[in-house]
Protein chains: 2
Amino acid sequence: MTTAETPESPRRTQADRRARTRSALLEAAARGLSEYGYANLVLERVASEAGYTRGALYHLFANKEDLALAVVKWVEETWNAEVRHLADAAPDPVAALIALARGHAVYCRREVARVMLTLRVEFTGQSHPVGRAISDIGEEFIAHCAALISAGRSSGAIPAGPPPQETAHAYLGVVEAVGIHLAGQAPYDTELAERAVRGLLGLPPADQDGQAGG
Amino acid sequence: MTTAETPESPRRTQADRRARTRSALLEAAARGLSEYGYANLVLERVASEAGYTRGALYHLFANKEDLALAVVKWVEETWNAEVRHLADAAPDPVAALIALARGHAVYCRREVARVMLTLRVEFTGQSHPVGRAISDIGEEFIAHCAALISAGRSSGAIPAGPPPQETAHAYLGVVEAVGIHLAGQAPYDTELAERAVRGLLGLPPADQDGQAGG
DNA sequence: CAGCTCACATACACGCATGTCTGTATGTTA
DNA sequence: TAACATACAGACATGCGTGTATGTGAGCTG
């Protein structure tokens with residue numbers, strides 16, 4: 001079944017070629033989307049940066065919209081793999097919300113993190129399928145955060161404040177903004193993300209060493 | 001010189017016609033830019049929503065870029081008129097930074113506030129004149145905020161933290177994000193903006209009544 | 001009121017990006 | 001190895017949006 005794995009050899013099985021090409025195109029598209037947005041994204045440049053032509057792109061993806069949707073899905077999956085589990089592993093809602101903020105700041109050190117913000121800004125208010133996909137992901141994230149905020153308030157760990165839904169909206173905006181504006185400015189990105197989130201939730205500033213649970 | 005002011009009459013002086021048409025086009029362009037962004041902005045729609053055709057638009061503005069630059073300038077002027085003086089009137093740096101955050105949240109209740117965010121996201125990383133204009137305004141704002149942060153830290157009103165420049169970057173992002181994500185959700189927009197900013201600066205939560213200087 | 005200028009509309013030309021179609025080389029199967 | 005399927009390149013056709021050039025009516029000036 002399996003042939004010898006010689007990574008640099010062009011002679012591979014077709015399924016492998018297909019997957020490899022798809023990944024290359026997806027990554028180039030993600031970079032392009034985060035840099036230029038959807039409307040300004042030129043498919044010939046995407047294919048070219050991936051080492052192919054538009055022929056390959058249209059062979060792997062139905063059209064520009066399909067490509068963008070695939071990128072969104074890919075980014076969402078990598079985000080879930082790298083960030084979401086941090087919240088699930090946290091012992092309580094406050095720790096989860098702070099871990100999420102810090103984890104997202106770390107995630108934003110890769111440029112592809114800009115994709116979600118770029119596309120959301122571009123498609124907010126439209127009824128475009130890509131905008132819908134982005135919006136759905138955001139709504140799910142907000143619902144998750146709102147539940148964490150409610151739980152934290154019920155247990156007394158988070159003081160009272162604006163409704164959980166509004167607070168969660170602000171939380172998403174703040175976490176994303178800090179991540180984007182300070183992308184790569186370690187360690188200030190995580191530090192400032194935690195600070196902003198603590199303030200949003202009405203929590204007092206952390207100690208100087210500042211590591212939650214440390 | 002001055003003729004009788006009959007606002008509903010179409011018979012006006014040419015300079016007045018010109019100014020009136022320019023304002024209408026500018027406002028339509030601002031709405032269009034905040035909704036669709038620059039690349040997706042169709043000039044025929046702009047002119048149409050203002051009650052004119054592209055002929056009028058190209059008579060008043062050199063090209064699409066010139067129109068966008070005029071919109072940016074117009075938004076900046078209204079922002080300075082409505083928000084900036086709040087900071088100048090504040091008695092100390094902390095009050096200025098909080099007043100700026102609350103004032104911007106109020107300003108964001110108008111939809112045109114989205115213009116700056118939309119264009120910054122769209123042009124970040126490009127070398128487009130519109131992007132440069134937006135970037136310049138943002139840099140000036142950040143420098144202003146960084147100075148306020150430094151002053152507040154020197155006087156002991158703001159505790160130590162990440163460098164003023166990075167903190168100011170985060171401040172801009174946070175204030176803008178809260179304003180956009182909670183546009184019109186009064187009174188939570190101003191409340192959450194202040195909370196986020198206090199957290200960013202390392203200040204403890206305000207009291208429940210929370211009105212700075214109230 | 002005659003001639004000029006301005007505000008604006010309509011019609012045309014061009015470029016650019018998407019999507020499709022056809023051709024070719026590389027894998028796969030009998 | 002012959003016949004077929006797949007991965008990809010290149011050329012073509014179309015639509016859409018900007019910018020320009022021309023035309024028309026309303027205001028200004030002698």
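Just so we're on the same page: letters track the sequence lines, and every chain starts at 1.
C:dT18 atom C1' lies 16 Å from atom CZ of A:Phe61, rounded to whole Å. Taking atom CD of A:Glu44 as the reference point, atom P of C:dG15 lies 17 Å away to the nearest angstrom. Rounded to an integer number of Å, the gap from CG of A:Asp16 to P of D:dT6 is 17 Å. If you measure from atom CZ of A:Arg18 to atom C1' of C:dT28, you get 15 Å, rounded to the nearest angstrom. Summarising the geometry, the separation between CG on A:Leu25 and C1' on D:dA7 is reported as 12 Å, rounded to the nearest angstrom. Computed from coordinates, the A:Arg22 CZ to D:dA7 P distance equals 12 Å when rounded to whole Å. In this structure, B:Leu67 atom CG and D:dT18 atom P are separated by 10 Å, rounded to whole Å. In this structure, CZ of B:Arg45 is placed 13 Å from P of D:dC16, rounded to the nearest angstrom.
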Exercise. Can you check side chain to side chain contact (heavy atoms under 4.5 Å, CB included) on A:Thr118 and A:Leu33, steps first, answer last?
Worked result: CA-CA 7 Å; A:Thr118 302; A:Leu33 282 175; over 6 Å; no
Exercise. For A:Val197 and A:Tyr171, what are the C-alpha separation, side-chain angles and deciding distance, and is it a side chain to side chain contact (heavy atoms under 4.5 Å, CB included)?
Worked result: CA-CA 7 Å; A:Val197 164; A:Tyr171 177 91; 3.5 Å; yes
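No engagement by A:Leu57 is indicated, since no non-hydrogen atom pair under 4.0 Å with the nucleic acid exists. Using a 4.0 Å heavy-atom cutoff across all strands shown, B:Leu41 reaches sugar-phosphate atoms only and no base atom. The residue B:Tyr52 sits close only to the backbone: its heavy atoms come under 4.0 Å of sugar-phosphate atoms, none of a base.
The environment of CZ in A:Arg45 is sparse: at most 12 heavy-atom neighbours from other residues, nucleotides or ligands sit within 6.0 Å.
The shortest distance between the side-chain N/O atoms of A:Thr21 and the OP1/OP2 oxygens of D:dC8 is below 4.0 Å. For the pair B:His59 and C:dA7, the criterion of a side-chain N or O lying under 4.0 Å from OP1 or OP2 is met.
Of the candidate nucleotides C:dT20, D:dC8, D:dT18, D:dT18 has the atom lying nearest to any side-chain atom of B:Leu43. Out of D:dG19, D:dT6, C:dT20, the shortest distance to the side chain of A:Tyr58 is found at C:dT20. Proximity note for B:Lys64 (side chain, C-beta onward) versus C:dC8, D:dT18, D:dG10: the nearest is D:dT18.
Under 3.5 Å, the side chain of A:Arg54 and the base of C:dG19 form at least one donor-acceptor pair of N or O atoms.
A:Tyr188 has its ring centre no less than 6.0 Å from the ring centre of B:His169.
For B:Gly51 and A:Val42, each mapped to the nucleotide of DNA chain C holding its nearest heavy atom, the one lying further toward the 5' end belongs to B:Gly51.
Summarising the geometry, atom OH belonging to B:Tyr107 is positioned 9.0 Å from atom CH2 belonging to B:Trp79; distances are rounded to the nearest 0.5 Å.
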